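The structure appears right after this line, and notes come after that.
In what follows, chains carry the letters A, B, and so on, assigned in the order in which the sequence lines appear, proteins first and then strands, with residues in each chain numbered from 1. Worth saying up front: this structure is predicted, and the values here are computed from it rather than measured.
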Amino acid sequence: MKIAIASGKGGTGKSTVAANLAFTLARSREVALVDCDVEEPNLHLFFPGSAVDIPVTTPVPEVDLARCTFCGECGKFCRFGALSVIKDRVILFPELCHSCGGCSLVCPQGAVGEVPRTVGRVACSCPLPALTLISGVLNEGEVQAPAVIRAAKLLAQGHPLTLYDASPGIACPVIETLEGSDACVLVTESTPFGLHDLRLAAEVAERVGIPAGVVINRSDGQDEATLDFCRERGLPVLMTIPFSREIAAVQNRGGLICRDLPGWEDRFAALFDGIVKIAGVSR
Amino acid sequence: MIIGITARAEGTSAPVEQRFGRAPYFVFVDTETGKSESIKNPLVDAAGGVGPRAVQMLAEHGATVVITGQVGGNAAKALEAGGIKAYAYRGSGSVADALAEHTAGNLQPLPLA
């Protein structure tokens with residue numbers, strides 16, 4: 001079973017939910033936790049330990065100048081500006097390349113080949129006996145987040161239970177993370193911004209066709225607008241985490257509330273039961 | 001010599017646009033014949049990588065000089081490679097004003113890669 005944890009908005013507590021859920025589940029079974037927020041992976045902060053790095057490469061064009069006639073077709077085709085033909089020179093901006101391979105297809109001379117280029121890495125560790133942490137890390141200045149996410153997810157293949165921690169927002173990296181998940185947990189906070197972004201995220205989950213449930217974090221007890229929205233859209237509220245000084249203190253020192261505060265392990269176990277229910281698959 | 005000037009509208013009386021790759025129009029002026037041609041920039045709403053693509057467009061139109069407000073790193077690299085000189089016009093005048101300033105030698109070259 002694959003569970004994606006997403007949130008339209010950054011800073012809502014997505015990683016908190018992912019880390020605590022993973023810790024709770026790892027008490028009783030094998031869990032793979034995949035940090036798909038490759039631009040800012042942070043799950044390793046909850047689970048320190050030494051990791052093994054695997055580089056992630058993606059193909060970028062290489063022009064054979066012996067064949068190139070500088071016709072400019074590749075440059076006209078590339079919508080990302082990774083290839084520009086200016087007079088008798090072809091300029092490559094590999095960091096702008098999205099590896100679509102179109103330039104080699106449109107080249108009438110067959111002068112465009114492909115070479116691998118490292119855009120990031122996947123860090124693998126086993127911080128707990130039953131927990132495998134796989135973190136995707138995109139190199140600074142690179143655009144190919146989905147390639148690193150794909151590699152991280154690929155490495156988690158074969159695990160019976162996998163949690164994906166998505167990046168905030170609803171852009172390509174999130175779609176890439178949701179792809180192939182059995183259920184999606186949308187973490188939100190009961191503020192107007194939280195609700196706005198929850199609406200967008202819920203729509204994405206629906207479009208991708210993944211059953212979703214909601215976790216309300218930092219609740220001040222006045223969640224009516226969020227609850228109304230969830231009822232309207234048929235989104236079950238799986239868990240509510242109150243706004244409390246005690247929880248904030250645990251978070252601040254990089255702790256896990258399910259480990260450091262009484263009662264929370266049970267609540268995260270109940271969250272998992274709720275997820276299993278919405279996913280409609282047997283565990 | 002063909003000079004490309006980033007502009008907010010068509011024609012030489014249009015105000016100069018400070019942005020390079022996302023300028024709404026490029027006005028190309030042939031300094032020998034005095035003729036001008038305005039091209040609507042298709043890259044205004046593009047997702048990214050507009051700098052190098054704008055340079056490719058300039059090169060296709062035969063421009064050897066560009067006048068604009070500022071250029072980004074990738075655009076600078078492409079301009080350098082294409083042998084296109086870039087000059088900064090930071091005033092609020094028209095394309096014609098910028099051209100006059102350039103002819104008078106008052107414009108500073110923009111640092112390229």
Side-chain angles (χ1 to χ4, degrees), chain A residues 39 58-63 65 68-103 106-108 111-112 117 119 138-147 167 169-176, chain B residues 1-6 17 19-26 28 30 39-68 70-87 109-113:
Chain A
E39 282 170 69
T58 151
V60 295
E62 186 181 56
V63 179
L65 291 176
C68 180
T69 60
F70 307 101
C71 68
E73 287 301 319
C74 54
K76 273 184 217 130
F77 178 84
C78 183
R79 59 154 70 189
F80 303 108
L83 267 172
S84 289
V85 182
I86 292 157
K87 290 180 191 162
D88 54 355
R89 286 187 63 179
V90 184
I91 318 171
L92 275 171
F93 294 93
E95 67 280 7
L96 298 180
C97 176
H98 285 54
S99 298
C100 71
C103 47
V106 299
C107 179
V112 184
R117 170 184 140 75
V119 294
L138 183 70
N139 287 351
E140 215 170 295
E142 297 293 344
V143 291
Q144 290 231 49
S167 52
I170 51 167
C172 311
V174 178
I175 313 269
E176 186 66 51
Chain B
M1 178 172 64
I2 293 173
I3 302 182
I5 301 116
T6 54
E17 167 65 42
R19 296 172 302 166
F20 174 64
R22 291 186 196 275
Y25 286 88
F26 290 104
F28 294 97
D30 188 328
I39 306 285
K40 196 171 173 18
N41 183 4
L43 306 172
V44 172
D45 297 321
V50 293
R53 293 164 74 196
V55 175
Q56 182 164 348
M57 257 173 52
L58 287 174
E60 276 164 16
H61 283 85
T64 51
V65 168
V66 61
I67 301 173
T68 186
Q70 52 199 337
V71 297
N74 288 338
K77 205 170 140 194
L79 286 167
E80 168 96 42
I84 300 173
K85 287 195 183 68
Y87 290 91
L110 279 165
L112 300 181

Fill in the blank from the handout: To the nearest 0.5 Å, atom CD1 of A:Ile86 lies from atom CG of B:Leu79 at 7.0 Å
Exercise for the section: For chain A, find its close neighbours in residues 44-52 of chain B: heavy-atom separation under 4.5 Å, sorted by number, or none. Expected result: B:Gly48, B:Gly49, B:Pro52
Exercise for the section: Against chain A, work out which of B:Ala81, B:Gly21, B:Gly83 has the most heavy-atom pairs shorter than 4.5 Å and name it. Expected result: B:Ala81
Completion exercise
Within residues 76-84 of chain A, contacts to chain B at heavy-atom distances under 4.5 Å involve A:Lys76, A:Cys78, A:Arg79, A:Phe80, A:Gly81, A:Leu83, A:Ser84
Exercise for the section: Show your working on side chain to side chain contact (heavy atoms under 4.5 Å, CB included) between B:Gln56 and A:Ile91 and close with a plain yes or no. Expected result: CA-CA 10 Å; B:Gln56 182 164 348; A:Ile91 318 171; over 6 Å; no
